[in-house]
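Numbers here simply count residues along the sequence, with the first being 1.
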Amino acid sequence: MTAPVHPSSSARSTRRLGWLGGTFDPIHLGHLDVARAARAALHLDEVALVPAHHPPHRDPPVAAATARLAMVRLAAATEPWLTVSELELHSDAPSYTMTTLDRLEAAGVDLRALYVITGADAFADIATWKGYPALLDRCHFVVVSRPGHHARDLRDRLPALAARLFTPGESGDRGQPVIFLVDAATAPVSSTGIRAAAAAGTTLTGLVPDAVASYIGTHGLYRGVE
């Protein structure tokens with residue numbers, strides 16, 4: 001299913017939309033754990049998985065955009081509340097979050113009901129993101145722990161933002177966007193490791209959804225990748 005970009009006015013007032021972007025090269029169980037943790041902590045109605053065309057903070061993708069989108073769709077089919085947005089795939093420009101928010105707002109999405117989801121490892125570098133710090137005033141952020149990167153540690157790592165960092169139970173209604181810290185166990189897997197495993201012909205069981213593993217094998221993705 002593809003996430004709607006033009007919600008109705010009633011939906012804008014009631015639905016909470018999570019927005020999880022990434023290269024997804026390939027999407028793996030760690031990504032899905034992050035989505036589940038954010039949804040449970042913030043009572044999100046929907047989480048959109050958003051593959052980037054050109055990720056600004058990472059190396060260019062190995063798999064083609066069409067293959068990455070196909071794998072994301074297979075992963076989204078594992079949960080009824082997961083959807084897929086192609087919004088960032090329809091532009092040759094780098095997939096900056098700030099630019100994506102501009103496009104969503106122009107399409108009528110209420111950013112006050114939007115929750116941008118990211119891992120604690122990525123959010124630790126938030127000062128390097130385009131539009132920082134104004135970016136943080138546009139919508140909520142949900143920062144979920146990744147192995148070796150606990151969300152709670154960001155209070156010490158990002159002292160300039162400490163006053164804006166809350167757990168979901170602490171924040172209440174502050175009338176402005178909040179950065180939510182969600183400490184949760186997420187699978188200790190990485191896309192880099194999965195590509196290496198696929199190149200070596202070893203099993204991907206326990207790393208990616210079964211349907212994604214089948215797709216990678218059927219299409220010979222990542223073979224010959226060093």
Side-chain angles (χ1 to χ4, degrees), residues 17-42 44 47-63 68 71-72 75 82 84-85 87-89 93-101 104 111 114-162 164-168 177-195 207-208:
L17 171 63
W19 191 263
L20 177 56
T23 311
F24 299 134
D25 192 24
I27 191 167
H28 54 64
L29 296 183
H31 294 129
L32 298 182
D33 284 346
V34 167
R36 291 188 186 99
R39 175 178 179 260
L42 277 304
L44 303 177
V47 175
L49 301 174
V50 193
H53 195 168
H54 294 295
H57 300 287
R58 296 184 182 275
D59 293 333
V62 175
R68 292 185 292 114
M71 289 187 284
V72 169
L82 282 173
V84 180
S85 172
L87 182 66
E88 293 186 356
L89 290 178
S95 302
Y96 292 114
T97 300
M98 191 69 155
T99 303
T100 297
L101 293 179
L104 287 172
L111 298 187
L114 184 73
Y115 295 73
V116 171
I117 304 167
T118 184
D121 49 345
F123 194 82
D125 296 322
I126 188 65
T128 68
W129 292 26
K130 182 180 180 180
Y132 175 86
L135 173 67
L136 301 175
D137 295 326
R138 303 192 66 187
C139 65
H140 299 296
F141 278 75
V142 187
V143 184
V144 182
S145 295
R146 290 292 290 137
H149 300 270
H150 295 291
R152 63 177 178 269
D153 293 341
L154 291 174
R155 288 191 171 98
D156 294 326
R157 295 191 62 180
L158 301 173
L161 296 178
R164 302 186 63 171
L165 304 176
F166 299 94
T167 65
V178 170
I179 304 166
F180 295 100
L181 303 181
V182 178
D183 270 317
T186 57
V189 296
S190 69
S191 295
T192 301
I194 293 165
R195 293 195 298 270
L207 304 178
V208 300

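The ring pair (Phe, Tyr, Trp, His ring centres under 6.0 Å) test applied to His140 returns Tyr115, Phe180, not counting sequence neighbours. Every residue two or more places apart in sequence or in another chain that forms a side chain to side chain donor-acceptor pair (under 3.5 Å) with Ser145 is listed here: Asp183. Evaluation of the salt bridge (Lys or Arg N to Asp or Glu O under 4.0 Å) rule for Arg39 yields no partner, not counting sequence neighbours. Residues satisfying the ring pair (Phe, Tyr, Trp, His ring centres under 6.0 Å) criterion with His28, sequence neighbours excluded, are His31. Here Arg138 pairs with Asp102, Glu105 under the salt bridge (Lys or Arg N to Asp or Glu O under 4.0 Å) rule; sequence neighbours left out.
Of the inter-residue distances, the one linking Leu82 atom CG with Leu20 atom CG reads 9.0 Å to the nearest 0.5 angstrom. Here CG of Leu32 is found 5.0 Å from CD1 of Ile27. Values are rounded to the nearest 0.5 Å. Remark: Trp19 CH2 to Leu104 CG distance equals 4.5 Å, nearest 0.5 Å. Atom OG1 of Thr167 sits about 12.0 Å away from atom CZ of Arg152, to the nearest 0.5 Å. Considering OH of Tyr96 and NE2 of His54, their distance stands at 11.5 Å, rounded to 0.5 Å. Atom CG in Leu165 sits 11.5 Å away from atom CG in Asp153 (nearest 0.5 Å).
At least one side-chain heavy atom of Pro26 sits under 4.5 Å from a side-chain heavy atom of Ser191. By the 4.5 Å heavy-atom criterion applied to side chains, Val143 and Ile126 are not counted as neighbours.
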Could you walk me through whether Phe141 and Leu161 pass the side chain to side chain contact (heavy atoms under 4.5 Å, CB included) check? CA-CA 12 Å; Phe141 278 75; Leu161 296 178; over 6 Å; no
Might you work through the side chain to side chain contact (heavy atoms under 4.5 Å, CB included) test for Val208 and Met71, ending with a clear yes or no? CA-CA 10 Å; Val208 300; Met71 289 187 284; over 6 Å; no
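Minimum interatomic distance between Ala120 and Leu154 (heavy atoms only, all atoms of both residues): O-CD2, 4.1 Å. For the residue pair Ala41 and Val182, the shortest heavy atom distance occurs at CB-CG2, 3.8 Å. When every heavy atom of Ala38 is checked against every heavy atom of Ile117, the shortest pair comes out as CB-CD1, 3.6 Å. Heavy atoms only, all atoms of each residue included: Pro56 and Ser95 are closest at CD-O, 3.6 Å. When all heavy atoms of Gly193 and Ser190 are compared, the pair lying nearest together is N-OG, 3.0 Å. Looking at every heavy atom in both residues, Gly18 comes nearest to Leu44 through CA-CD1, 3.8 Å.
Checked by atom type and distance alone, the side chain of Arg164 pairs as donor or acceptor with a backbone atom of Leu136 at under 3.5 Å. With hydrogens and angles ignored, the 3.5 Å screen pairs a side-chain donor or acceptor of Arg146 with a backbone N or O of Ala187. With hydrogens and angles ignored, the 3.5 Å screen pairs a side-chain donor or acceptor of Asp25 with a backbone N or O of Val62. Within the 3.5 Å criterion, the main-chain N or O of Thr23 finds a donor-acceptor partner in the side chain of Arg68. Formation of a donor-acceptor pair under 3.5 Å by the Thr186 side chain with backbone atoms of Gly30 is not found in this model.
No more than 12 heavy atoms of other residues, nucleotides or ligands sit less than 6.0 Å from atom CZ of Arg157.
Sequence neighbours left out, not one pair with a member in residues 119-135 passes side chain to side chain donor-acceptor pair (under 3.5 Å).
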